[in-house]
Q: 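Mind looking over this structure? Questions follow.
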Amino acid sequence: MSPIPSVILKPNKEDSLLRYHPWIFSGAVARTEGKPREGDVVEVYSADRRFLGVGHFQIGSIAVRILSFEQTAIDRIFWTQRLNEALALRRSLRLITADNDTCRLVYGEGDMLSGLIIDIYGQTAVIQAHTAGMHYARTDIAAALKEVMGDALAYIYYKSEGTLPYKASLGEENGYLLGDGQSDAIATERGLRFYVDWQRGQKTGFFVDQRENRALLEHYANQRRVLNMFCYTGGFSVYALRGNAATVHSVDSSSKAIDMTSRNVALNFPDDTRHQAFDADAFDFLRNADESYDLIVLDPPAFAKHKNVLRNALQGYRKLNALAIEKIAPRGILFTFSCSQVVSKNDFRLAVFSAAAQSHRRVRILHQLTQPADHPVNIYHPEGEYLKGLVLYVE
């Protein structure tokens, strides 16, 4: 067996690894030995040849994503051990119950598996690879996943489309690694049912990360006129209806999202006349709306995926929140979110503050929201905390 390729760091560039941060940036690399290809497992050494970690090699600003800070083989035993650890955490959180069969089983660096996402929908696991290394390891990961979950798992769907920046060179490999399921199925979240289309939908087909925040909205929805912007599959809308909202309007610029929202509303509340869905641009809808709302949800897609567009993204958040605050009725409640990783908590709060100040209305923060416990943040990798939310009371 040929030796594992090595990555040698420049002098004094190992400090972040000694603090257990799992990324090595290309500027810290002095040279490689053994001619690693993108996606290969490599060992990382300091300039004075001290072992620092083992991980996946890649081309780009992040040169290596560390999988272990111990000198260990990245094999079936490794995958099985890490997936067992991830499952043990979710079981301790009591996420899989009779009325909830959806959760995130693996959240990248939060589970020391940088570049890997696995969501569970009933008996189906949906895998996404964000790195070439995870893409090449997909069959080993699927085999380990089946070993760990046993009969609780009947299907494993692999979805790389839209997640691999180099998918043109790797090819799109979407398809079932276990079983031959349907394109969408019904998942249960806190007693509510949702169609999940992991083949054609965004991400893995459903935004698992808003589960706890949707439940909070249900608490506030009673007899309120609710507007759910960027509704996608209608999660907030369905929770609002169960929370006894007076009316619920769902808005998205995607006709597919509107269709899915309508299906999910009908699945839980057939023939319920309180709900209407609108295929429209969010900014245009808010500007032209003839009525005000008692509760508004702003859950837009990431406005900034890179720091070079951060300024434009913050302007977008300011404009969007200003329009919402203008349209919200006195004593109204605004749920506003950012899922942009490059937007810090302070940046987001400042954007919302600017929008509130522009309105000249009294605004108070009721809740500060984040991602749920099945999206754990590695304490050594604060970048993993991407979801930020505020619940505002607007007088």
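Everything quoted here is computed from the prediction, not taken from an experiment.
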Q: Below 4.5 Å, heavy atoms only, C-beta onward: do L334 and I325 meet side chain to side chain?
A: yes

Q: S92: what forms a side-chain hydrogen bond (donor to acceptor under 3.5 Å, both in side chains) with it, not counting sequence neighbours?
A: none

Q: Run the numbers on T233 and Y195 for side chain to side chain donor-acceptor pair (under 3.5 Å), then give the verdict.
A: CA-CA 8 Å; T233 57; Y195 290 105; over 6 Å; no

Q: Are any of the side-chain heavy atoms of L105 and L145 separated by less than 4.5 Å?
A: yes

Q: Under a 4.5 Å cut-off applied to non-hydrogen side-chain atoms, are V343 and L314 in contact?
A: yes

Q: Could you check if a side-chain atom of V394 sits within less than 4.5 angstrom of a side-chain atom of I333, using non-hydrogen atoms only?
A: no

Q: Check the orientation of W23 and H21. Use parallel for under 30°, tilted for 30 to 60°, and perpendicular for over 60°.
A: perpendicular

Q: Any donor-acceptor pair under 3.5 Å linking the side chain of Q341 with the backbone of E383?
A: yes

Q: Does the pair K256/D259 count as a salt bridge with the N-to-O cut at 4.0 Å?
A: no

Q: Are Y158 and H135 linked by a side-chain donor-acceptor pair shorter than 3.5 Å?
A: yes

Q: Looking just at side-chain N and O atoms, do S250 and T261 make a donor-acceptor pair shorter than 3.5 Å?
A: no

Q: Please report the closest heavy-atom contact between A132 and E38, naming both atoms and the distance.
A: CB-CG, 3.8 Å

Q: I'd like to check the side-chain hydrogen bond (donor to acceptor under 3.5 Å, both in side chains) partners of Q315; sequence neighbours left out, ordered by chain and number.
A: none

Q: Got a sec: does the CZ of F69 have more than 12 other heavy atoms crowding it under 6.0 Å?
A: yes

Q: Between the main-chain N or O of L369 and the side-chain N or O of E212, is there a donor-acceptor pair closer than 3.5 Å?
A: no

Q: Say whether L89 and V106 are linked into one hydrophobic cluster, either directly or through other cluster members, by side-chain heavy-atom distances under 4.5 angstrom.
A: no

Q: Can you name the residues that form a side-chain hydrogen bond (donor to acceptor under 3.5 Å, both in side chains) with N378, not counting sequence neighbours?
A: none

Q: Under 6.0 Å from the OH atom of Y20, do we count more than 12 heavy atoms belonging to anything else shown?
A: no

Q: Check side chain to side chain contact (heavy atoms under 4.5 Å, CB included) between N222 and all other residues, then give those that pass, not counting sequence neighbours.
A: N244

Q: Please determine, by modelled atom types, if N213 and Q210 share a side-chain donor-acceptor pair under 3.5 angstrom.
A: yes

Q: Have Y220 and H367 got a donor and an acceptor in their side chains that come within less than 3.5 Å?
A: yes

Q: Is NZ or CZ of R364 both nearer than 6.0 Å to the six-membered ring centre of Y393 and within 45° of the ring axis?
A: no

Q: If I compare all heavy atoms of F57 with all of P36, which pair ends up nearest, and what's the gap?
A: CE2-O, 3.8 Å

Q: Main chain of F269, side chain of D272: is a donor-acceptor contact present, judged purely on distance under 3.5 Å?
A: no

Q: Around I77, counting heavy atoms of other residues, nucleotides and ligands shown, do more than 12 lie under 6.0 Å from its CD1?
A: no

Q: Determine the interplanar angle of the Y155 and Y176 rings, folded into 0 to 90°, and report it as parallel if under 30°, tilted if 30 to 60°, perpendicular if over 60°.
A: perpendicular

Q: Scan for side-chain hydrogen bond (donor to acceptor under 3.5 Å, both in side chains) pairs involving residues 9-19, sequence neighbours excluded, and state none if there are none.
A: E14-R50

Q: If you draw the axis of the six-membered ring of Y293, does the NZ or CZ of R225 fall within 45° of it and under 6.0 Å from the ring centre?
A: no

Q: Spell out, as yes or no, whether a donor-acceptor pair under 3.5 Å connects the side chain of N100 to the backbone of I96.
A: no

Q: Would a distance-only check, ignoring hydrogens and angles, find a side-chain to backbone donor-acceptor pair under 3.5 Å from Q128 to K203?
A: yes

Q: Which pairs with one or both residues in residues 326-336 pass side-chain hydrogen bond (donor to acceptor under 3.5 Å, both in side chains), sequence neighbours excluded?
A: N321-T336

Q: Donor-acceptor pair, distance only, cut-off 3.5 Å: does the side chain of R242 make one with the backbone of V238?
A: no

Q: When you check the side-chain N and O atoms of S254 and D252, is any donor under 3.5 Å from an acceptor?
A: no

Q: Centres of the H249 and F278 rings: under 6.0 Å?
A: yes

Q: Looking only at atom types and distance, does a side-chain atom of R274 sit under 3.5 Å from a main-chain N or O of A245, one as donor and one as acceptor?
A: yes

Q: Verify whether one side chain among Q368 and R349 offers a donor that lies under 3.5 Å from an acceptor in the other.
A: yes

Q: Can you name the closest pair of heavy atoms from D294 and A329 and give their distance?
A: OD1-CB, 3.7 Å

Q: So which pairs with a foot in residues 141-153 pass side-chain hydrogen bond (donor to acceptor under 3.5 Å, both in side chains), sequence neighbours left out?
A: R76-E147

Q: Quick one, I62 and I24 - any side-chain contact, counting heavy atoms below 4.5 Å?
A: no

Q: Within the side chain of R138, is there an N or O that forms a donor-acceptor pair under 3.5 Å with the backbone of A129?
A: no

Q: When you compare the side chains of S255 and D279, does any donor N or O come within less than 3.5 Å of an acceptor on the partner?
A: no

Q: For Y386 and S340, test the side chains for any donor-to-acceptor distance below 3.5 angstrom and give the result as yes or no.
A: no

Q: Can you name the closest pair of heavy atoms from Q202 and Y232 and give their distance?
A: N-OH, 2.7 Å

Q: Can you sort out the partners of T188 under side chain to side chain contact (heavy atoms under 4.5 Å, CB included), two or more places apart, ordered by chain and number?
A: D101, R193

Q: What is the minimum heavy-atom distance between A240 and A221, and which atoms define it?
A: O-CB, 3.7 Å

Q: Under 4.0 Å between a side-chain nitrogen and a carboxylate oxygen: does that hold for R190 and E218?
A: no

Q: Once side chain to side chain contact (heavy atoms under 4.5 Å, CB included) is applied, do any residues pair with E33, and if so which ones, sequence neighbours excluded?
A: S6, I8, R31, R49

Q: For A266, what residues pass the side chain to side chain contact (heavy atoms under 4.5 Å, CB included) criterion, not counting sequence neighbours?
A: none

Q: Do V391 and I365 have side-chain heavy atoms sitting under 4.5 Å apart?
A: no

Q: List for me each residue that meets ring pair (Phe, Tyr, Trp, His ring centres under 6.0 Å) alongside F230, sequence neighbours excluded, and say none if there are none.
A: none

Q: Would you say N346's side chain and F348's backbone share a donor-acceptor pair under 3.5 angstrom?
A: no

Q: Strictly by modelled atom types, are D48 and S46 linked by a side-chain donor-acceptor pair under 3.5 Å?
A: yes

Q: Donor-acceptor pairs under 3.5 angstrom involving side-chain atoms of residues 110-123: please list them, not counting sequence neighbours.
A:
{"unit_1": "D111", "atom_1": "OD1", "unit_2": "R90", "atom_2": "NH1", "d": "2.8"}
{"unit_1": "D111", "atom_1": "OD2", "unit_2": "R90", "atom_2": "NH1", "d": "3.4"}
{"unit_1": "D111", "atom_1": "OD2", "unit_2": "R90", "atom_2": "NH2", "d": "2.9"}
{"unit_1": "D111", "atom_1": "OD2", "unit_2": "Y107", "atom_2": "N", "d": "2.7"}
{"unit_1": "S114", "atom_1": "OG", "unit_2": "R65", "atom_2": "NH1", "d": "3.1"}
{"unit_1": "S114", "atom_1": "OG", "unit_2": "E109", "atom_2": "OE2", "d": "2.6"}
{"unit_1": "D119", "atom_1": "OD1", "unit_2": "R104", "atom_2": "NE", "d": "2.6"}
{"unit_1": "D119", "atom_1": "OD1", "unit_2": "R104", "atom_2": "NH2", "d": "3.4"}
{"unit_1": "D119", "atom_1": "OD2", "unit_2": "R104", "atom_2": "NH2", "d": "2.9"}
{"unit_1": "D119", "atom_1": "OD2", "unit_2": "T204", "atom_2": "OG1", "d": "2.6"}
{"unit_1": "Y121", "atom_1": "OH", "unit_2": "T204", "atom_2": "OG1", "d": "2.6"}
{"unit_1": "Y121", "atom_1": "OH", "unit_2": "F206", "atom_2": "O", "d": "3.3"}

Q: Can you find a pair of side-chain heavy atoms, one from L286 and one from L320, that are under 4.5 Å apart?
A: yes

Q: In this structure, are over 12 heavy atoms from other groups packed under 6.0 Å from E395 atom CD?
A: yes

